[in-house]
2 protein chains.
Amino acid sequence: MLTKPPGMAAMSDPPRSAPAARDLLFLRESELRLAQDLLFFGYRGFTTPPDRLLAELGMGRAHHRVLHFVGRRPGITVGDLLGILGITKQSLGRVLQPLIAQGYIHQQPGRLDKRQRLLFLTEKGAALERRLFESQKEVLLRAYREAGPTAVEGFRRVMRGLMDEAGRAEVERMERALRS
Amino acid sequence: MLTKPPGMAAMSDPPRSAPAARDLLFLRESELRLAQDLLFFGYRGFTTPPDRLLAELGMGRAHHRVLHFVGRRPGITVGDLLGILGITKQSLGRVLQPLIAQGYIHQQPGRLDKRQRLLFLTEKGAALERRLFESQKEVLLRAYREAGPTAVEGFRRVMRGLMDEAGRAEVERMERALRS
DNA sequence: GCGGTTTGGTCAGCATGGTTGGCGTTTCTC
DNA sequence: GAGAAACGCCAACCATGCTGACCAAACCGC
């Protein structure tokens, strides 16, 4: 038989009658399969609204990411931004240079280290980033409100667990900056 | 001043002292900003392991998506798959045709409607999909286990809220199929 | 102050995976 | 039998990743 019968995914699930596994039902393979679907459709729902705005301006998701993280960390160095995005200097350059040329982002030499080009959003850049955020805010607010505070806390815990070390460190840094 | 001062994001947050807003703290703008970060880093952590395997085989994430959804819905039509992926026929063709040519996916004319080409994973395709899934399973299991069942339930609720109608319908269909 | 390292920019070339528009075949449906 | 639907394929274009190479400016250790 070449094809996977409908019930096959469930076959690897632990038997439901096993007493020790009672609390581990949420770790069943079928639940993990569902998680794949949720992440695919959920992430797409999250990115679609800004993607539409960006398309009108002839930009892509990569531009949004740069605007977002420069907004999150004003004065970030090019190197740090590269680390966060996980792309190469050349890939970033192709997105960053137009953003600078069109006046969305402003560069300023570092005071301690003059080799660095610290990145900031201009007024224009902050305005665009805000428009993009507002479009995403609608989706996020709806999801958060429908789900409620407890669910949101759970969502955060799971997303944190999905990240690699670098991502987790970055998020923690953002939270520290927020509290201070 | 061209740049956004550090505290600016928090400025749009509702005042913490407002009594009616006590339960709505999780809807603060700073929380939504954090959600953006969580989704970016979390989704990346989720996709990195299969991406690495795929790269070794000269494939990309698009191939994985096809393998995943054909595995989820054996016998799916090309049209339905296009609807789920949200891409064009041409884009799908460029990924699907090689998968068929290399024996990962098998096509079979529909019995009711002979125009349709129903898609199935071959043994080889199911094996590859499983390898990809296993790599993702590690990340998912770790995240789910660390977070616990309550958090997982919350995660699901939020992700569902992020989806558009089509995504939600598709996920519900998967769950119905699971229960039956 | 000199040499090596680090930060950043840039050029050329390539691959993947999206897009549009158009065209053709088979099959279904009225 | 006509029109619509499901699918395949062609050409062309675009966005965004990649590698490899090379360059300039600034920093740092000796």
Side-chain angles (χ1 to χ4, degrees), chain A residues 40 43-44 47-48 50-70 75-102 105-120, chain B residues 40 43-44 47-48 50-70 75-102 105-120:
Chain A
F40 173 75
Y43 193 73
R44 192 170 65 186
T47 50
T48 296
D51 281 354
R52 270 201 270 266
L53 286 177
L54 290 158
E56 292 170 15
L57 299 170
M59 300 190 198
R61 206 176 290 178
H63 300 81
H64 187 193
R65 286 197 282 257
V66 169
L67 291 170
H68 171 77
F69 284 111
V70 171
I76 190 175
T77 65
V78 171
D80 281 357
L81 186 54
L82 285 176
I84 288 177
L85 296 176
I87 59 176
T88 60
K89 208 171 28 165
Q90 295 83 343
S91 297
L92 175 60
R94 221 183 358 213
V95 174
L96 182 56
Q97 288 318 314
L99 284 173
I100 291 169
Q102 294 167 39
I105 285 185
H106 167 240
Q107 271 183 325
Q108 167 184 321
R111 262 171 299 192
L112 271 84
D113 187 335
K114 288 177 195 164
R115 291 171 304 179
Q116 296 178 336
R117 303 296 154 86
L118 309 185
L119 303 173
F120 300 89
Chain B
F40 174 74
Y43 193 73
R44 191 170 65 184
T47 50
T48 297
D51 281 354
R52 269 201 271 266
L53 286 177
L54 289 158
E56 292 171 14
L57 299 170
M59 300 189 198
R61 206 176 290 177
H63 299 81
H64 187 192
R65 286 198 282 258
V66 169
L67 291 170
H68 171 76
F69 285 111
V70 171
I76 190 174
T77 66
V78 171
D80 281 357
L81 186 54
L82 285 175
I84 287 176
L85 296 176
I87 59 177
T88 60
K89 206 169 32 163
Q90 294 79 351
S91 297
L92 175 60
R94 224 182 356 211
V95 172
L96 183 56
Q97 288 318 312
L99 284 172
I100 292 169
Q102 293 168 39
I105 284 186
H106 167 240
Q107 272 184 326
Q108 166 184 321
R111 263 170 299 194
L112 269 85
D113 188 335
K114 288 178 193 163
R115 291 172 303 180
Q116 298 177 335
R117 303 294 153 86
L118 309 184
L119 304 172
F120 299 89

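Computed from a predicted structure; not experimentally measured. Letters A, B, ... are given to chains in the order of the sequence lines, protein chains preceding strands, and every chain is numbered from 1.
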Report each atom pair, protein N/O against N/O of nucleotides 1-6 of chain D, whose distance is under 3.5 angstrom.
from: D/dA5; atom 1: N3; to: B/R115; atom 2: NH1; distance (Å): 3.0

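- Within the model, atoms CG of A/L53 and OG1 of A/T48 stand 11.5 Å from one another, a figure rounded to the nearest 0.5 Å.
- Atom-to-atom, CD of B/Q90 to C1' of D/dC10 comes out at 10 Å; the value is rounded to the nearest Å.
- Closest non-hydrogen pair, B/V78 versus B/R117, comes out as CG2-O, 3.8 Å.
- Here the CZ atom belonging to A/R65 is positioned 5.5 Å from the CZ atom belonging to B/F40, to the nearest 0.5 angstrom.
- Contacts of residues 80-88 of chain A with DNA chain D (heavy atom under 4.0 Å): A/G86, A/I87, A/T88.
- Just one of B/L118, B/L82, B/L119, B/V66 meets the side chain to side chain contact (heavy atoms under 4.5 Å, CB included) condition when paired with B/I76; it is B/L119.
- To the nearest 0.5 Å, atom CD of residue A/Q107 and atom CG of residue A/L99 are 11.0 Å apart.
- Using cut-offs of 30° and 60° on the angle between ring planes, the pair B/Y43 and A/Y43 is parallel.
- Pairing each heavy atom of B/R44 with each of A/G86, the nearest pair is NH1-N, 3.8 Å.
- At the heavy-atom level, A/L112 lies under 4.0 Å from the strands shown only through sugar-phosphate atoms.
- Put simply, chain A comes within 4.0 Å of DNA chain C, heavy atom to any atom, from C/dT6 to C/dC11, going 5' to 3'.
- In this structure, the CG atom of A/D51 is 14 Å from the P atom of D/dA15, given to the nearest Å.
- Pairs engaging residues 50-62 of chain B under the salt bridge (charged side-chain N to carboxylate O under 4.0 Å, His left out) rule: B/D51-B/R61 [sequence neighbours left out].
- Less than 4.0 Å separates DNA chain D from at least one heavy atom of each of the following residues of residues 92-99 of chain B: B/Q97.
- Between B/P98 and B/G93, the shortest heavy-atom contact is CD-O, 3.9 Å.
- Rounded to 10 degrees, the angle separating the terminal helix axes of the helix from C/dG1-D/dC30 to C/dC30-D/dG1, each built from five base pairs, is 30°.
- Regarding A/K89, its NZ atom lies at a distance of 10 Å from the C1' atom of D/dA21, rounded to whole Å.
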Verdict with reasoning, A/Q102 to A/H63, per side-chain contact (heavy atoms from CB on, under 4.5 Å): CA-CA 12 Å; A/Q102 294 167 39; A/H63 300 81; over 6 Å; no

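- Here NZ of B/K89 is found 13.0 Å from CG of B/L96. Values are rounded to the nearest 0.5 Å.
- Using a 4.0 Å cut-off, some side-chain N or O of A/R65 falls inside it from OP1 or OP2 of D/dG17.
- Atom NZ in B/K114 sits about 20 Å away from atom C1' in D/dG8, given to the nearest Å.
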Step-by-step side-chain contact (heavy atoms from CB on, under 4.5 Å) determination, A/H64 to A/T47: CA-CA 10 Å; A/H64 187 193; A/T47 50; over 6 Å; no

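- Rounded to whole angstrom, the span from the NE2 atom of A/H64 across to the C1' atom of D/dG17 amounts to 19 Å.
- Rounding to the nearest 0.5 Å places CG of A/L57 at 5.0 Å from CE of A/M59.
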